[in-house]
Amino acid sequence: MVRMTRSTEQKIIERAVKGDKAAAERLIKAHQASLYAYMLRISGRPDVAEDIVQDAFVRVLTHLDRFDPRYRFSTWLFTIAKRLYVNACQKHKPRYDSEIVDGWRGVDSAPSSPTIDTEVRGNARDALQIALGELSAEQREIILLFHQQDWPIAQIARHMDMPDGTVKSHLHRGRQKMRRLLEATEGHRSTVAEVWA
Amino acid sequence: MMRNLPAKLLARRNRDRAGAILDKLDSADQNADALIDAYLDRELPPERSAELFKTLRSNRQAADRFDSMQKLVDDLRRPVEAPDLTASILSEVGRRRGWLPEPMRRAVTFGRLSAAACFLLLLGGLFVVDRIAPDSTPFPTGPEPITNLVSTGRAEAAAGIQNFAGVFDTLREPETVLTRRAACDADRPQRAWDSAVVLPRERSASPRRMQFIAHACSTGEDSPRAVVFRMHMNPDYTIRFESKQQESLGNEARFITVGIQSAGEAPAWARFARPAAGKQAPAGHIERE
């Protein structure tokens, strides 16, 4: 992921608005990985995440002249991506929102690398994804924006249109719930490991 | 009864002590959780970090909770291998709105600047023309009531454009006037000072140059002659001819018919009697230069 300052990003956006393809390419390179990771965790499905990322970027770049420079580009991009995901869920119900477990087993859990370490990491990721799926939509989104995307609380509050305190409350509750779920999964896995040992 | 009393008191005292210890432990746990949450929220001040780690060293359960939380956060932050969608996104956006190469973007910028410069030049030119020849521009010379502007706006605009074009235009051909001759009421010539017939009062105060179509009728009904005049409309309602074709009126003409025509509208015709020889023309009279 290519990090850039807001002023640099603003200049790039201005160039992209004027039709500069290279500037648009820089914008995509800077944000596509984080948006994909976020959508993957939200949807639990790589194909859905890929579709949403592509649609969100196409929509944003087509209407880039409407971007309000007072806000962060990432906030705008993620908001559009989220709306697209919600629309897609409504459109393709129940295919998209049946989520989360079946779709994604991690990028390195392919049959070509069946090592124990890979298996363990794949299981951990599954457990994480399952735990995320157990959260409410708000909790899931807030936890991902805060811990995965490193957004500050204030930015999340603007994005979610809720007070800072409510964001923090969702964050704490979501984290506690995930910890309990993961501990339960961990306990189950230990028992299975002892049986196999 | 007496022997049982100390045992009951002892049990009660033990219960109280255990409760106090549990309360203290709960309080310690709550404190540890608050510290952990603050740390994970990136809101724990550096001076309290030592307190957190001291708590974790002394409280095994809190340390386990912290460990699992930290692991959870690390898992969330673990990078994901994302596919590169740049090419497909750019191609789709290019299909929808198109990308401009660098020279083309420069050309577009230059074109926009040129258009802006042309517009400014046009405004400047109009301003200069207005200063040099105020009659030839459609700009008002002074403030007017908004009601007048609204009611006469369309006619003013049409007349203004016509007048402005008239600066460069030659006199019109009289055929267009002859076709409208049916409107000429030869039996009831109007008085020359009856300017309201010719000019609606709302626009009579305009000192600007007006383009009139004048139609002169001779005395002999069998040989009407027509000519087009360009005239000035003065603020005091007088109308005077500017045309050099006034000779064509001939001495025998007793009255002329003047039409005022706005774009897209039928001309309003008015007829003016010529002043009797030797008499001074009243205000609003059509006079020959």
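The analysis underlying the following values was restricted to heavy atoms, covering all of them including side chains, and did not include hydrogens, waters or symmetry mates.
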A.B. asks: Tabulate, in ascending numerical order, the residues of residues 67-76 of chain A having at least one heavy atom closer than 4.5 Å to a heavy atom of chain B, or enter 'none'.
C.D. replies: none
A.B. asks: Checking salt bridge (charged side-chain N to carboxylate O under 4.0 Å, His left out) for the pair Arg175(A)/Asp41(B): CA distance, chi angles, key distance, verdict?
C.D. replies: CA-CA 11 Å; Arg175(A) 227 162 30 204; Asp41(B) 289 351; 3.0 Å; yes
A.B. asks: Do other residues, nucleotides or ligands put more than 12 heavy atoms under 6.0 Å from the CZ atom of Arg83(A)?
C.D. replies: no
A.B. asks: Heavy-atom cut-off 4.5 Å, strictly under: side chain, backbone, both or neither for Leu171(A) against chain B?
C.D. replies: side chain
A.B. asks: Rounded to the nearest 0.5 Å, what's the gap from CD1 on Ile36(B) to CZ on Arg179(A)? Could you check?
C.D. replies: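 So the CD1 of Ile36(B) and the CZ of Arg179(A) are separated by 8.0 Å.
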A.B. asks: To the nearest 0.5 Å, how far apart are CD1 in Ile89(B) and CD1 in Ile28(A)?
C.D. replies: 4.5 Å
A.B. asks: Looking at Asp150(A) and Arg42(B), is there a salt bridge between them, counting it only when a charged N and a carboxylate O are closer than 4.0 Å?
C.D. replies: yes
A.B. asks: Report the distance from atom CD1 of Ile143(A) to atom CG of Leu72(B), rounding to the nearest 0.5 Å.
C.D. replies: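 The CG atom of Leu72(B) is 6.5 Å from CD1 of Ile143(A), to the nearest 0.5 Å.
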A.B. asks: Picking from Lys168(A), His147(A), Lys18(A), which has the most non-hydrogen pairs under 4.5 angstrom with chain B?
C.D. replies: His147(A)
A.B. asks: Which atoms of Leu144(A) are under 4.5 Å from chain B, going by heavy atoms: the side chain, the backbone, both sets, or neither?
C.D. replies: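 The side chain, not the backbone.
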A.B. asks: On a heavy-atom basis, which atom in Ala82(B) and which in Ala33(A) lie closest, and how many Å separate them?
C.D. replies: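 Smallest interatomic distance, heavy atoms only, reads CB-CA, 3.9 Å.
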A.B. asks: Around atom CZ of Arg112(B), are there more than 12 heavy atoms of other residues, nucleotides or ligands at under 6.0 Å?
C.D. replies: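 At most 12 heavy atoms, drawn from other residues, nucleotides or ligands, come within 6.0 Å of this atom.
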A.B. asks: With a 4.5 Å cut-off on heavy-atom pairs, point out which of Glu92(B), Arg65(B), Glu43(B) contacts chain A the most.
C.D. replies: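 Option with the top pair count is Arg65(B).
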A.B. asks: With a cut-off of 6.0 Å (strictly less than), are more than 12 heavy atoms of other residues, nucleotides or ligands near CD of Glu51(B)?
C.D. replies: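 Atom CD in Glu51(B) is packed in, count exceeds 12.
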A.B. asks: Looking at every non-hydrogen atom in both residues, tell me the closest pair between Ser68(B) and Glu183(A) and how far apart they are.
C.D. replies: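 Heavy atoms only, the tightest pair is OG-OE2, 3.3 Å.
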A.B. asks: With respect to chain B, which residue among Arg59(A), Glu25(A), Met178(A), Gln148(A) yields the maximal number of heavy-atom pairs within a distance under 4.5 Å?
C.D. replies: Glu25(A)
A.B. asks: Find the distance between CD (Glu81(B)) and CG (Leu40(A)) and round it off to the nearest 0.5 Å.
C.D. replies: 11.5 Å
A.B. asks: With a 4.5 angstrom heavy-atom cut-off, which part of Ala16(A) approaches chain B: side chain, backbone, both or neither?
C.D. replies: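 Only the backbone of Ala16(A) comes within 4.5 Å of chain B.
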A.B. asks: Using modelled atom types and a 3.5 Å cut-off, is there a donor and acceptor pairing between side-chain atoms of Glu50(A) and backbone atoms of Pro83(B)?
C.D. replies: no
A.B. asks: Check the pair Asp84(B), Lys29(A) against side-chain contact (heavy atoms from CB on, under 4.5 Å), reporting the backbone distance first and the verdict last.
C.D. replies: CA-CA 8 Å; Asp84(B) 189 1; Lys29(A) 295 258 188 229; 3.1 Å; yes
